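Beneath this line is the structure, given in structure tokens, with notes to follow.
Convention: sequence-line order gives letters A, B, ...; per-chain numbering from 1. The model shown is predicted, which means the values in this text are computed figures rather than measured ones.
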Protein chains: 2
Amino acid sequence: MLNNPALDVVFQALADPSRRDMVERLSRGPASVSDLARPLDMSLSAVMQHLQVLEASGLVRSEKVGRVRTCRIEPKVLSNAERWFASRRATWQSRFDRLGEILAEQEAQPKPRTRRRS
Amino acid sequence: MLNNPALDVVFQALADPSRRDMVERLSRGPASVSDLARPLDMSLSAVMQHLQVLEASGLVRSEKVGRVRTCRIEPKVLSNAERWFASRRATWQSRFDRLGEILAEQEAQPKPRTRRRS
């Protein structure tokens, strides 16, 4: 099985509700750190720590111009994680389809006669 | 923004490569704990610990019949996590579409005359 260390840090980053909120906000468009902090009940330094985790995972990148740090989502990293789920679903679905086929074949076969016990 | 504690434990569970391997295996069909342990380079007790994390997240359920514990995937919990990514993608995509429209409108407008500096 393939090892994908990127998914380790992506899922780790998304395991926190504040970081998911930040990703949700950024999927609506770029935002400054203050924009990100506004709806969250935490200090700016706590927001910066969460931002560091998000940047380390590759989900978010940021750029400082003058005194303002602007953050953006990295859609490719989100898509990569989404694909992991899609692959599991495809595997599970194909197994489900095979089970359906086996069941249909069994129903199509003539039933064995039931014998009375002598 | 909605808080979804279920996603906390689901993403936390999936942040580990061995647990992702176990979910991948179970998406191909039910398996015993020994089946799950076979491809993984770890003790049966370590596998049991990972299984407990997966069960606590709702991603996997298991049932013991006689001496064999059989594990199954819970597709709804996987789908719920996949939906989180799909929602982010939809938001991001619609913003991208709007930006495209704005750009198209601007191009359709007559260009302002350029003035030479006097």
Query raised in the report: Can L99(B) be reached from L78(A) by stepping across I, L, V, M, F, W or Y side chains whose heavy atoms are under 4.5 Å apart?
Result: no
Report task. Please answer: with hydrophobic residues joined when any side-chain heavy atoms are less than 4.5 Å apart, are L26(A) and M48(A) in the same cluster? Result -> yes
Query - Co-membership, hydrophobic cluster, residues V77(B) and V9(B), 4.5 Å side-chain - result: no
Query raised in the report: When only heavy atoms count and the cut-off is under 4.5 Å, which of residues 82-98 of chain B reach chain A?
Result: E82(B), W84(B), F85(B), A86(B), R88(B), R89(B), T91(B), W92(B), R95(B)
Query raised in the report: In terms of hydrophobic clusters joined by side-chain contacts under 4.5 Å, are M22(A) and L44(A) together?
Result: yes
Report summary line: All heavy atoms of D8(A) vs all of P17(B), minimum pair found to be OD2-CD, 3.4 Å
Query raised in the report: Contact part of I73(A) toward chain B, heavy-atom cut-off under 4.5 Å: side chain, backbone, both or neither?
Result: side chain
Report task. State yes or no: do L51(B) and L40(B) share one hydrophobic cluster built from I, L, V, M, F, W and Y residues joined by side-chain heavy-atom distances below 4.5 Å, directly or via other members? Result -> yes
